Amino acid sequence: MSSSKFEPNDDILDFVIKKANGLKGLVDTNLEVIPNQCIQPKEQRLDKSQIDNQESIPTIDLSNFDDLSVEKSIQEAASKWGFFQIINHGIPIEVLDDLKKAGHKFFELPAEEKVKYSTESYSAGESVLMFWSAIGEKDEKVLEWRDTIRHGCNPQNDSNLWPSQTRNQVLEYKKWATPLAKKLLEVLLKGLNVNEIDESLEPLLMGTKAININYYPPCPNPSIAIGIRRHCDVSCITLLLQDDTGGLYVRGTKGDNWIHVSPIKGALAVNIGNSLQIMSNDRYKSIEHCVSVDSSRGRISVPLFFNPSPDSVIGPFPQIVKDGEKLYKHVLYSDYWDHYFSKRPSGKASLDFAKI
């Protein structure tokens, strides 16, 4: 339970963000109706009439990772869907379960403990972690129904500054997930006629890493709130661990429909980010996704973002545009990052920054 008490006349942003009670602290006050600052505009809510139960994203079995058929399945899923799930990926189920439990332990902490990790802004590759309750647009005071802690997983980051509740579990997960992500990227690059990730390509594809742990508290009015608004990731790829609550939706192939990513025990979801879409010259697709919330159950999800290093220059690989039209210019990744997080445009609009 939160140690702070929310009164009707209190500033919700002060209570939720600055005092680090989070949305969970608000729910713990026996909230019956969500505050106005949490009510999303209609265009940002998940329209249930657009949910398509006939489509589902691919699930790919990595038991025989080196088979050409598996490689082709990964490349086709990245091209058609931009989102897929993987099973038999080699990460022990205990590592995944321990990470989810660690997230719950952190968010159960009192506000005076969580506030130690609170900051309201960050930049590409920054070494600090943070706790925050996310705001949709940068200057728009509408809260998404989510609390998050971010762990920067880069050489300059000091994991000793991380909460004891999450430190060991995040480090263990990173140890297993990083080589998995590298192998996935190698397969994806092979589909672009780029045959290996050498010392020059590794900073471009996975130069910075961050692990977020998201907690979505139960919401009294889930139909008018949103856990995360529709967006595309800025990363090259993202690995996502989710619990069994459900709530992740991705855009389907029809363009205006939403597909639920049904949780599979032990699976990870993989999605292409904007940076790899740019590098692939649109061969691979970064797809809009969003998260709904539940009235009775809290949800934990853990995205691991693999991003270019801030000083990388991203643009289409020459191997992919030899005989075709180049769709994107080359841009400094830190400039693209700043544009993405200063504008927070919905969906794929931030790609326009790099388009020719």
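The structure presented is a predicted model; accordingly, all values stated were derived computationally and were not measured.
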For L171 and W162, run side-chain contact (heavy atoms from CB on, under 4.5 Å): C-alpha distance rounded to whole Å, both residues' side-chain angles, the deciding distance at 0.1 Å, then the answer. CA-CA 10 Å; L171 289 172; W162 296 354; 3.7 Å; yes

With side-chain contact (heavy atoms from CB on, under 4.5 Å) as the criterion, how do N307 and M206 come out once you've worked through the C-alpha distance, each side chain's angles and the decisive distance to 0.1 Å? CA-CA 5 Å; N307 304 321; M206 47 197 313; over 6 Å; no

Does the side-chain contact (heavy atoms from CB on, under 4.5 Å) test come out yes or no for I17 and L143, once each step is laid out? CA-CA 10 Å; I17 297 176; L143 289 170; 3.9 Å; yes

Audit row: F306, L239, side-chain contact (heavy atoms from CB on, under 4.5 Å) steps and yes/no: CA-CA 8 Å; F306 291 89; L239 303 186; 4.2 Å; yes

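Side-chain polar atoms of N274 and Y336 form a donor-acceptor pair below 3.5 angstrom. Between the side chains of Y173 and D98, no donor-acceptor pair of N or O atoms lies under 3.5 Å. Counting only N and O atoms by type, the side chains of N160 and D158 include a donor and acceptor under 3.5 Å apart. For the 3.5 Å distance criterion, the side chains of T238 and D233 qualify, holding a donor opposite an acceptor. No donor-acceptor contact under 3.5 angstrom links the side chains of D256 and Q50, judged on distance only. Under the 3.5 Å distance criterion, with hydrogens and angles disregarded, a donor-acceptor pair is assigned to the side chains of S301 and N214. Residues S350 and H339 have side chains that never bring a donor and an acceptor to within less than 3.5 angstrom of each other. T148 and R150 share no side-chain donor-acceptor pair at under 3.5 Å.
In summary, D294 and R299 do not engage in a salt bridge, as defined by a charged side-chain N under 4.0 Å from a carboxylate O. By the 4.0 Å N-to-carboxylate-O rule, K24 lies close enough to E108 to be salt-bridged with it. In summary, D97 and K101 do not engage in a salt bridge, as defined by a charged side-chain N under 4.0 Å from a carboxylate O. Ion pair D243/R297 not flagged as a salt bridge, since none of the NZ, NE, NH1 or NH2 atoms sits closer than 4.0 Å to an Asp/Glu carboxylate oxygen.
With hydrogens and angles ignored, the 3.5 Å screen pairs no side-chain donor or acceptor of D311 with any backbone N or O of S334. The closest donor-acceptor contact from the side chain of H260 to the backbone of S56 lies at 3.5 Å or more, if one exists at all. Although no hydrogens or angles enter the test, the distance criterion places a donor-acceptor pair under 3.5 Å between the side chain of D147 and the main chain of L23.
Counting only heavy atoms from C-beta outward, the side chains of D335 and F353 approach each other to under 4.5 Å. E172 has its side chain within reach of V95: a pair of non-hydrogen atoms, C-beta onward, lies under 4.5 Å apart.
Ring pair Y249/H289: centre-to-centre distance not below 6.0 Å.
The heavy-atom pair separating K355 from Y328 by the smallest distance is CG-CE2, 3.5 Å. Closest approach of E144 to G227, counting heavy atoms only: CB-O, 3.3 Å. The shortest heavy-atom contact between C219 and W145 is CB-NE1, 3.5 Å. In plain terms, the two heavy atoms of Q242 and K100 that are nearest each other are O-NZ, 4.2 Å. When every heavy atom of R229 is checked against every heavy atom of Q40, the shortest pair comes out as NE-OE1, 2.8 Å.
Residues L204 and L189 are members of one and the same hydrophobic cluster, defined by side-chain heavy-atom contacts under 4.5 angstrom among Ile, Leu, Val, Met, Phe, Trp and Tyr.
For the pair K183 and F65, the cation-pi criterion (under 6.0 Å, within 45° of the ring axis) is fulfilled.
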